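Have a look at the structure below before the remarks.
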Amino acid sequence: MVLGVNVDHVATVREARKGIEPDPVMAATLAVLGGADGITVHLREDRRHIHDRDLKLLREFVPVELNLEMAATKEMVGIALKTRPDMVTLVPEKREELTTEGGLDVKRQKLNLRKAVKAIHNAGIPVSLFINPAIDDIDLSKEIDADMVEIHTGLYANAKGERQKREFIRVEKSVREALNLGLSANAGHGLNYINVKKIAEIDGIRGLYIGHSIISRAVLVGMERAVREMKEMIKES
Ligand code: PXP
């Protein structure tokens with residue numbers, strides 16, 4: 001099972017001061033030491049967190065699967081072809097959203113997505129589509145010639161009780177449909193230390209792509225050490 005760690009949130013903290021720390025490239029290196037099988041970054045049109053420089057350095061430093069999340073635009077396809085990540089995940093992108101809020105509108109975007117997939121394939125890079133847990137979208141992903149899908153788990157992650165059970169079944173059925181069609185099936189969004197287990201147990205699932213919960217936990221588990229180190233420096237001066 002692949003664990004792809006999304007380090008966008010480290011860059012978001014850096015951008016709060018528009019400075020140089022914390023550096024998502026350093027965070028990626030530490031994530032790899034911790035056992036990450038992959039590193040994911042979303043290069044957004046407005047560069048609100050990850051910058052082109054980050055992607056360039058990550059390509060040099062990341063020894064595991066580098067997954068570039070991006071919109072299916074001409075600019076981004078050009079960047080993917082130049083940077084050559086190990087895989088590309090095509091995602092919808094709205095300027096005003098806080099995070100990717102839903103899967104791709106595969107039906108409406110079919111021609112554009114197919115064009116982007118073809119161009120990326122011509123460079124020998126596999127493509128995943130970030131889609132809602134809906135059978136039609138899986139079938140369309142196959143028609144578009146994607147290699148993989150990443151099933152959006154946001155509704156499952158945010159639901160409780162019976163509603164969560166129903167959302168889980170949608171994710172599970174989507175994974176099964178993807179596998180039946182010969183697509184690799186990943187999942188991601190909103191997964192945390194409480195809700196991940198059920199998704200990880202789905203038969204045949206290839207990988208999980210997780211960001212916010214891991215970065216949030218890193219802040220908390222690192223707090224005590226960070227304060228202790230500062231205290232010692234002050235004491236020694
Ligand atoms: N997968 C995709 C396609 C995403 O856009 C995101 C959010 O950046 C994630 C996974 C990770 O989601 P989260 O940060 O909620 O773990």
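Whatever order the structure lists them in is the order used to number ligands and atoms, beginning at 1. The shown structure was predicted, so the numbers you read here are calculated from the model rather than taken from an experiment. Numbers here are sequence positions counted from 1. All heavy atoms count here, side chains included; hydrogens, waters and symmetry mates do not.
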Going by distance only, is there an N or O of [X] that falls short of 3.5 Å from an N or O of ligand 1?
X      : value
His42  : no
His9   : yes
His212 : yes
Ile210 : no

Exercise for the section: State the CG-NE2 distance between Asn67 and His42, to the nearest 0.5 angstrom. Expected result: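 The distance works out to 11.0 Å.
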Flag the pair [X] / [Y] as yes when at least one side-chain heavy-atom distance between them is below 4.5 Å, and no otherwise.
X      : Y      : answer
Thr89  : Val91  : yes
Asp52  : Asp54  : no
Ser128 : Asn186 : yes

With a cutoff of 4.0 Å, is [X] in contact with ligand 1, counting heavy atoms of the residue only?
X      : answer
His152 : no
Val91  : yes
Glu150 : yes
Ser213 : no

Exercise for the section: Give a yes or no on whether Glu224 atom CD has more than 12 heavy-atom contacts from other residues, nucleotides or ligands under 6.0 Å away. Expected result: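 It does not: Glu224 CD has 12 such atoms or fewer within range.
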Problem - Stacked cation flag Arg170 on Tyr156, 6.0 angstrom / 45 deg - result: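 No, Arg170 does not sit over the ring of Tyr156.
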Exercise for the section: Run down the list Arg44, Glu93, His189, Glu69 and name the one with the heavy atom closest to atom 2 (C) of ligand 1. Expected result: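 Looking at heavy atoms only, Glu69 sits closest to atom 2 (C) of ligand 1.
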Numbered atoms and elements of ligand 1 in range of [X], under 4.0 angstrom, heavy atoms:
X      : result
Tyr209 : 10 (C), 11 (C)
Gly211 : 11 (C), 13 (P), 14 (O), 16 (O)
Asn6   : 8 (O)

Exercise for the section: Answer yes or no: is there an ion pair linking Glu162 with Lys165, defined by an N-O contact shorter than 4.0 Å? Expected result: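 Answer for the salt bridge query: yes.
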Problem - Electrostatic pair Glu143:Arg114 at N-O distance under 4.0 angstrom - result: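 A salt bridge is absent here (no side-chain N lies under 4.0 Å from a carboxylate O).
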